[in-house]
Amino acid sequence: MSDKAKVKSGFFVDRTVCPVCQGAGCVDCCQTGDVDCVTIPCDYCQGKGVLAEVKKERIFLLAVIVLMVVGTVAILM
């Protein structure tokens with residue numbers, strides 16, 4: 001699986017598989033070989049297995065459009 005594999009793409013958010021844990025949400029932490037290995041939540045994705053990237057420019061564009069529509073309606077009333 002590539003490190004930028006898309007899980008789900010929305011209009012406002014892109015979700016990609018975590019490149020560190022490969023979507024598992026946890027990683028093995030070994031102190032000395034395989035003797036003291038424990039599974040811990042992935043720090044990179046906070047144990048979610050996916051990374052969410054918010055598309056801020058689309059949110060801004062939607063806000064501008066809403067303000068323009070509200071302004072136009074207010075002027076016409």
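No hydrogens, no waters, no symmetry mates; every other heavy atom, side chains included, goes into these values. Numbering of residues begins at 1 and proceeds along the displayed sequence.
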Are there over 12 heavy-atom neighbours, none belonging to Phe12, within less than 6.0 Å of that residue's CZ?
yes
Please say yes or no: joined through hydrophobic side-chain contacts below 4.5 Å, possibly via intermediate residues, are Val70 and Leu61 part of one cluster?
no
Can you name the closest pair of heavy atoms from Ile40 and Cys29 and give their distance?
CD1-CB, 3.9 Å
ILVMFWY network linking Phe11 to Val13, side-chain heavy atoms under 4.5 angstrom
yes
When hydrophobic residues are tied together by side-chain contacts of less than 4.5 Å, even through go-betweens, does Val69 share a cluster with Met77?
yes
To the nearest 0.5 angstrom, please state how far the SG atom of Cys21 sits from the CG atom of Asp28.
11.5 Å
Shortest non-hydrogen contact from Arg58 to Gly10?
NH1-O, 4.3 Å
Considering non-hydrogen atoms only, spot the tightest contact between Gln46 and Asp43 and give its length.
NE2-O, 3.1 Å
Check whether Tyr44 and Val38 end up in the same hydrophobic cluster, where Ile, Leu, Val, Met, Phe, Trp and Tyr are linked by side-chain heavy atoms less than 4.5 Å apart.
yes
With side-chain contact (heavy atoms from CB on, under 4.5 Å) as the test, pick out the partner of Cys45 among Leu51, Thr16, Val20.
Leu51
Common cluster, Met68/Phe60, ILVMFWY with side-chain heavy-atom separation under 4.5 Å:
yes
